Number of protein chains: 2
Amino acid sequence: MDKLLTAIVDDHPIVIEGLKTMLQNEENVQIVGGFGDGESILFYMKSNQVDLILLDVTLPDINGMDLCQMIKKESLSTVILILSNRTERSIIMQTIQNGASGYLLKNSSIDELRNCIAEVAKGNICFSKEVIDIISRPSKNELQGRPRLTRREKQILILIAEGKTSQTIANDLFLSPLTVDTHRKNLIQKFEVKNMAELIKVAYEQFIL
Amino acid sequence: MDKLLTAIVDDHPIVIEGLKTMLQNEENVQIVGGFGDGESILFYMKSNQVDLILLDVTLPDINGMDLCQMIKKESLSTVILILSNRTERSIIMQTIQNGASGYLLKNSSIDELRNCIAEVAKGNICFSKEVIDIISRPSKNELQGRPRLTRREKQILILIAEGKTSQTIANDLFLSPLTVDTHRKNLIQKFEVKNMAELIKVAYEQFIL
DNA sequence: ATAAAAATACCTAAAAATCAGGAGAAAAAA
DNA sequence: TTTTTTCTCCTGATTTTTAGGTATTTTTAT
């Protein structure tokens, strides 16, 4: 098997150097360069093949999620492995949704890194142990502080998210618009939000929608 | 190693039987029962240990995402492996976010199933090849039809999602409220939505928020 | 340098949502 | 069978958003 042509994208030169050192003796990896921002890796990819990208999500110019998409647009076969300090589950999930094949925290061991590189090279999706914990563990504020919605409230919430007005919803459900307004009010109270926009946001964050 | 006490939850008896047959000769798996709905597995778990659940997302009583959470609430150590026909990426991601450790399509081979069971039992997250494709491939309507937002628009979108009014946003950004209104208007046009609630919804669906 | 895109600001009116109360009927739970 | 929750509808005032526009200044890209 040919070595994986591997690029490192991180705005900390130290991290780049560290990774280079850690990976220089790997049999299946060949570092083709370190890049400090999104622009430069995208530019490099226009004229060079890259099989694997070790990518930090926080970059000066482009955010990691967007960069993932751009990289995949440039070359679908390039595999992206995220190396980041960010431990928010939403960030992890979003990078995967945007085309990354794996996610490691920066404090991962060389073994985990090695293992993940092997897995993603095979086409699998791979996370470090710590990341799996984050993904699997329903966070306190997601499970605990999650308001209980009645059937009607849930139903109306969905219709609100579809952009419908109280009037329209009332017609759909054969209710008075005033009733729908009451449910709106109750939803706002239950979720402790200021308006419908914020309501939809937290509903998404808490996976109710 | 002890055998994994494994429950099958699916509303099609044929699927339950098929899985039982497929897995009866596995060394590390012991089927403890088949369940046709969410209630019955939750009830069973109250008095019996279950290590692994093979779960269909579409059930008559409770939807798969919610059931995942309930199962994890009942027993955090129980590992959930989704077996489903649903190929929507959002469903796959949501089950994982809700505590599932893997996702297979029902037409997966016995080898893939065997492999995934082994992986999730080790604490890893595992998908079948087809599922990986779904997750990794940015779908047309997500990449293509995604409106390009300017920096300002994105910034204002975030503040709107926080429940702020035009007035408040204007204060935050040292702008005229009228300017903020213009950006609102442009956002509504770009996303082709009817109001802010729907805007936040599609922004989430397209991973912009 | 010039064209295009983005950001800024304004106007008028109508429509819709939010706030702050209350109150009766139906359904579900204890 | 109570009790509690949910669902329903109401008044009235206020705030905010939405839907048409127009138009100037700054940035950005060619």
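Below, chains carry the letters A, B, ... as their sequence lines are ordered, and counting in each starts from 1. Note that this is a predicted model, so its numbers are computed, not measured.
The side chain of B/Thr179 approaches C/dT8 more closely than any other nucleotide in the set C/dT18, D/dC7, C/dT8. Checking D/dT8, C/dG21, C/dT8 against the side-chain heavy atoms of A/Lys185 singles out C/dG21 as nearest. The A/Thr165 side chain lies nearest to C/dA16 when the options are C/dT8, C/dC19, C/dA16.
When the side-chain nitrogen and oxygen atoms of B/Thr150 are compared with OP1 and OP2 of C/dA6, none of them lie within a distance under 4.0 Å. For the OP1/OP2 pair of C/dA7 and a distance below 4.0 Å, the side-chain nitrogens and oxygens of B/His183 include no atom meeting the criterion. Side-chain N/O atoms of A/Ser176 include none lying less than 4.0 angstrom from OP1 or OP2 on D/dT8. Dashed line: the shortest gap from a side-chain N or O of B/Arg184 to OP1 or OP2 of D/dT17 is under 4.0 Å.
A straight line from CD1 of A/Ile156 to C1' of D/dT6 spans 12 Å, rounded to a whole angstrom. Taking atom NZ on B/Lys164 and atom C1' on C/dT18, their separation rounds to 19 Å, with Å as the unit.
Side-chain polar atoms of A/Thr168 and A/Thr165 form a donor-acceptor pair below 3.5 angstrom.
Mapping B/Thr182 and B/Arg151 onto DNA chain D via the closest heavy atom, the residue that lands nearer the 5' end is B/Thr182. Each of A/Lys190 and A/Pro177 has a nearest nucleotide on DNA chain D; the 5'-most of these lies closest to A/Lys190.
A/Asn186 comes within 4.0 angstrom of nothing in the nucleic acid, heavy atoms only. A/Ser166 comes within contact range of the sugar-phosphate backbone alone, with a heavy-atom separation under 4.0 Å but no base atom that close.
Taking the six-membered ring where the residue is Trp, B/Tyr204 and A/Tyr204 present parallel rings, their angle staying beneath 30° rather than reaching 60°.
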